[in-house]
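Here's the structure we're looking at; comments come further down.
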Amino acid sequence: MKSVIRKAAGLAGTGVAVAAMSVTGASAAQAEPPTHGCPYPYVCFYVDEHAGTPITKYRDVTTSYQTVRPRPHYHVVNTRNDDVAYLRLQDGNSICLVPNSETWFTNAYSVTGIRISSSSTC
């Protein structure tokens with residue numbers, strides 16, 4: 001009889017633990033900042049500000065620019081926690097995208113390259 005009670009108590013304890021993990025897991029997921037479908041630790045490019053699926057994403061820290069297919073209307077999301085991303089524009093200038101941020105470009109600008117730096121500041 002004692003073994004039946006122990007099994008029942010053990011199963012009840014397991015159910016409580018699973019329910020607690022479900023509740024804490026759900027609240028943790030809701031607390032994350034919006035990344036528009038861009039997984040950590042990437043810098044993702046979208047065709048426009050309405051996001052959806054990234055058309056391309058970059059992850060590697062580099063010392064020179066990686067080529068980006070130039071397009072107008074880019075929406076860029078940096079999900080990296082400690083690394084900035086330099087975005088080279090068609091005129092040769094660049095802008096710095098700080099960690100955990102995003103930016104949009106209009107028709108007047110076209111991104112032609114990206115360089116991810118291990119620096120946390122621009």
Side-chain angles (χ1 to χ4, degrees):
M1 184 71 165
K2 287 183 182 180
S3 64
V4 172
I5 293 172
R6 285 183 192 156
K7 285 182 183 176
L11 290 174
T14 303
V16 170
V18 170
M21 285 189 295
S22 297
V23 169
T24 56
S27 62
Q30 292 172 355
E32 293 179 12
T35 59
H36 305 286
C38 184
Y40 171 83
Y42 286 90
V43 177
C44 297
F45 286 72
Y46 300 86
V47 174
D48 61 28
E49 74 272 8
H50 300 295
T53 303
I55 57 171
T56 189
K57 55 188 177 182
Y58 298 86
R59 175 176 84 181
D60 297 334
V61 172
T62 59
T63 56
S64 60
Y65 282 92
Q66 300 175 68
T67 302
V68 173
R69 181 178 172 194
R71 289 190 170 157
H73 295 298
Y74 267 138
H75 173 204
V76 185
V77 176
N78 181 3
T79 64
R80 301 176 74 92
N81 294 326
D82 299 312
D83 305 324
V84 299
Y86 291 95
L87 305 173
R88 183 181 60 207
L89 305 177
Q90 80 277 7
D91 62 4
N93 289 317
S94 64
I95 66 160
C96 181
L97 190 59
V98 297
N100 293 308
S101 65
E102 60 191 294
T103 191
W104 293 265
F105 293 94
T106 63
N107 280 335
Y109 297 97
S110 183
V111 178
T112 61
I114 180 172
R115 182 174 63 85
I116 299 173
S117 169
S118 59
S119 174
S120 61
T121 59
C122 296

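Counting only heavy atoms from C-beta outward, the side chains of K57 and P39 approach each other to under 4.5 Å. Between I95 and L89, some side-chain heavy-atom pair lies under the 4.5 Å cut-off. A heavy-atom distance below 4.5 Å is found between the side chains of V98 and C122. Here the side chains of D82 and P99 are not in contact, with every heavy-atom distance at 4.5 Å or above.
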* To do: Verify side-chain contact (heavy atoms from CB on, under 4.5 Å) between I55 and Y74, making sure each step is shown before the conclusion.
  => CA-CA 10 Å; I55 57 171; Y74 267 138; 3.6 Å; yes
* To do: For side-chain contact (heavy atoms from CB on, under 4.5 Å), just list the numbers for I114 and F45, CA-CA rounded to whole Å, side-chain angles, deciding distance to a tenth of an Å, and then say yes or no.
  => CA-CA 10 Å; I114 180 172; F45 286 72; 3.9 Å; yes
* Asked: Under the side-chain contact (heavy atoms from CB on, under 4.5 Å) criterion, do T103 and N78 qualify, and how do the steps go?
  -> CA-CA 9 Å; T103 191; N78 181 3; over 6 Å; no
* Run the numbers on V76 and V43 for side-chain contact (heavy atoms from CB on, under 4.5 Å), then give the verdict. => CA-CA 7 Å; V76 185; V43 177; 3.7 Å; yes
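Smallest separation of non-hydrogen atoms from G37 and Y46: C-OH, 3.7 Å. Contact record, E102 with L97: C-CD1, 3.9 Å, taken as the closest heavy-atom pair. Closest approach of V84 and C96 over heavy atoms only: CB-SG, 3.7 Å.
The backbone N or O of P41 sits less than 3.5 Å from a side-chain atom of R80, completing a donor-acceptor pair.
In this structure, OG1 in T112 is found 4.0 Å from CZ in R88, a value given to the nearest 0.5 Å. Separation of atoms OG1 (T79) and OH (Y42) is listed at 9.0 Å; rounding is to 0.5 Å.
One hydrophobic cluster, built from ILVMFWY side chains closer than 4.5 Å, cannot hold both Y86 and F105; they sit in different ones. A chain of hydrophobic side-chain contacts below 4.5 Å, direct or via other Ile, Leu, Val, Met, Phe, Trp or Tyr residues, connects I116 to V111. In the hydrophobic cluster analysis, where Ile, Leu, Val, Met, Phe, Trp and Tyr join through side-chain heavy atoms closer than 4.5 angstrom, Y58 is grouped together with V47.
By the 6.0 Å contact criterion, OH on Y109 is open, its count of non-hydrogen atoms from other residues, nucleotides or ligands being 12 or less.
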Below 3.5 Å, can you tabulate the donor-acceptor pairs from side chains in residues 60-70 to any protein atom, sequence neighbours excluded?
{"unit_1": "T62", "atom_1": "OG1", "unit_2": "S64", "atom_2": "O", "d": "2.7"}

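In summary, the side chains of N100 and N81 do present a donor paired with an acceptor at a separation below 3.5 Å, with no hydrogens or angles considered.
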